[in-house]
Amino acid sequence: MSDTALDIISQIRQKDGSYNAREQRVATYVLDNLEQVSDMSVASLAAACEVSEPTVIRFCRTLGCTGYRDFKIRLAQNVAVSLQYLISGNEAEKDQKNLIDQVFQTFYVTANVARSQLNEDIIKTAASHINAAQKIIFCGVGGGSTTVAFDAANRFFRLGFAANAVSDAYLQRMHAATLTPQDVMVFISATGLPRSNIDSAKVARQYGAKTIALTKPESPLAHACDFTIGLSLPEDPDIYKPTASRLVFLATIDILAATVARQRPEHTKENLRRIRSSLTALHGNTGPQPVGD
């Protein structure tokens with residue numbers, strides 16, 4: 001079974017209304033009968049939808065499944081996890097319960113999509129480039145990417161790196177112009193479209209610095225950088241909910257930082273020990289806690 005379409009319920013919903021007429025019958029029936037479909041044969045599902053068996057198979061392949069059996073396995077797993085979010089409670093709890101569940105479900109869905117796209121070898125290669133750097137500049141523009149860039153700088157300075165975050169377009173370009181072949185510039189963007197990131201990456205490369213993008217694969221920013229950690233993530237259309245991709249990008253930075261730390265364990269442990277020792281002198285807490293809190 002391949003790793004595409006981990007959340008097959010969301011995939012069906014995202015394409016709902018865009019299938020051809022016969023496949024739309026299958027999509028509508030599946031969404032209305034999620035618990036039952038996993039136990040149905042291809043023949044019984046085709047009969048229930050009043051379509052042919054080949055139509056059901058085509059529908060499954062439209063979703064990225066290898067066939068009907070693959071589709072049923074994916075759906076059964078997805079329903080088992082998602083059922084708690086798909087069944088409404090009583091009306092008194094509905095608004096608050098749905099809001100909490102929606103926020104966590106959106107993150108869960110986006111995180112699973114990201115997990116299917118992240119490649120361990122690419123993460124290790126990016127970590128190796130960072131480990132060889134004398135200076136690291138993290139760049140983001142806009143609210144989400146800027147937040148991730150500043151968190152990344154915070155994570156990496158604790159590992160012993162000279163790390164800074166820059167969100168201003170002019171400052172990004174200025175920093176890029178000061179870099180050397182011993183430095184790394186990391187660009188963070190969900191879309192890979194901001195012109196300032198693309199231009200700064202070109203400036204940094206002109207002076208020999210290694211450029212890494214955490215962005216959408218095949219985007220203009222990805223093409224402008226030496227190396228890309230590619231993530232193409234869905235966004236929920238609900239404007240009141242937080243951006244799930246921001247949380248996933250933060251998690252990806254944590255994965256990258258942890259990989260870097262494990263590539264230089266002794267240096268990392270000494271830096272973290274010093275930080276914890278300095279903070280213990282302030283609050284006296286010697287038990288486990290976030291480093292830097």
Side-chain angles (χ1 to χ4, degrees), residues 114-142 144-169 171-233 245-264 267-268:
R115 178 64 189 92
S116 71
Q117 296 176 9
L118 288 174
N119 181 286
E120 186 176 3
D121 290 335
I122 291 176
I123 295 290
K124 287 180 178 179
T125 302
S128 297
H129 290 314
I130 290 174
N131 256 322
Q134 292 183 358
K135 179 169 59 178
I136 313 169
I137 305 294
F138 292 95
C139 299
V141 294
S145 296
T146 295
T147 300
V148 177
F150 275 91
D151 188 76
N154 182 47
R155 287 283 282 134
F156 279 87
F157 104 80
R158 291 182 292 178
L159 302 181
F161 291 93
N164 290 292
V166 184
S167 59
D168 179 83
L171 282 176
Q172 284 184 8
R173 196 180 185 97
M174 291 164 64
H175 275 278
T178 70
L179 299 181
T180 72
Q182 286 72 49
D183 302 322
V184 170
M185 205 164 196
V186 181
F187 297 91
I188 300 163
S189 171
T191 64
L193 297 176
R195 189 75 244 171
S196 62
N197 280 353
I198 297 167
D199 290 344
S200 296
K202 292 178 180 178
V203 172
R205 292 182 72 180
Q206 177 183 342
Y207 294 104
K210 184 67 69 176
T211 54
I212 300 174
L214 173 55
T215 191
K216 183 173 290 188
E218 302 303 321
S219 64
L221 178 59
H223 287 296
C225 291
D226 297 305
F227 191 79
T228 298
I229 301 172
L231 285 176
S232 181
L233 305 174
S245 63
R246 172 179 57 87
L247 300 176
V248 170
F249 272 45
L250 286 168
T252 304
I253 290 294
D254 279 348
I255 294 168
L256 182 59
T259 305
V260 168
R262 282 166 173 76
Q263 289 182 356
R264 44 190 281 159
H267 189 82
T268 297

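Small disclaimer: the values here were computed from a predicted structure and weren't measured.
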Which atoms form the tightest heavy-atom contact between [X] and [Y], and what is the distance?
X	Y	answer
Ser232	Lys216	OG-CE, 3.9 Å
Cys225	Ala201	SG-CB, 3.9 Å
Ala127	Leu256	N-CD1, 3.8 Å
Ala126	Phe227	CB-CE2, 3.5 Å
Thr191	Ser219	O-CB, 3.6 Å
Ile188	Asn197	O-ND2, 3.8 Å

Inset, instruction - Show your working on side chain to side chain contact (heavy atoms under 4.5 Å, CB included) between His223 and Glu218 and close with a plain yes or no. - result: CA-CA 6 Å; His223 287 296; Glu218 302 303 321; 3.2 Å; yes
Working to the nearest 0.5 Å, report the span between [atom1] of [X] and [atom2] of [Y].
X	Y	atom1	atom2	result
Thr252	Leu231	OG1	CG	5.0 Å
Thr211	Gln206	OG1	CD	12.5 Å
Asp199	Arg173	CG	CZ	5.0 Å
Ile137	Leu179	CD1	CG	6.0 Å
Met174	Ser200	CE	OG	11.0 Å
Thr125	Glu120	OG1	CD	10.5 Å

Less than 4.5 Å apart, side chain to side chain, heavy atoms only: is that true for [X] and [Y]?
X	Y	value
Thr147	Phe249	no
Leu193	Pro220	yes
Phe187	Ile198	no

Inset, instruction - Say whether Asn131 and Ser128, considering side chains only, have a donor N or O and an acceptor N or O under 3.5 Å apart. - result: no
Legend entry - Under 3.5 Å donor-acceptor, Arg158 side chain and Asn154 backbone: yes
Legend entry - Thr228 side-chain N/O to Pro217 backbone N/O, donor-acceptor pair under 3.5 Å: no
Legend entry - Stepwise side-chain hydrogen bond (donor to acceptor under 3.5 Å, both in side chains) test for Asp183 and Thr180: CA-CA 5 Å; Asp183 302 322; Thr180 72; 3.2 Å; yes
Inset, instruction - Test Thr259 against Arg262 for side chain to side chain contact (heavy atoms under 4.5 Å, CB included), laying out the working first. - result: CA-CA 5 Å; Thr259 305; Arg262 282 166 173 76; over 6 Å; no
Legend entry - Evaluation steps, side chain to side chain contact (heavy atoms under 4.5 Å, CB included), between Ile130 and Ile212: CA-CA 9 Å; Ile130 290 174; Ile212 300 174; 4.2 Å; yes
Inset, instruction - Measure from NZ or CZ of Arg155 to the centre of the six-membered ring of Phe138, then state whether that distance is under 6.0 Å and the direction lies within 45° of the axis. - result: no
Inset, instruction - Determine, stepwise, if the pair Lys135 / Thr178 fulfils side chain to side chain contact (heavy atoms under 4.5 Å, CB included). - result: CA-CA 11 Å; Lys135 179 169 59 178; Thr178 70; 3.9 Å; yes
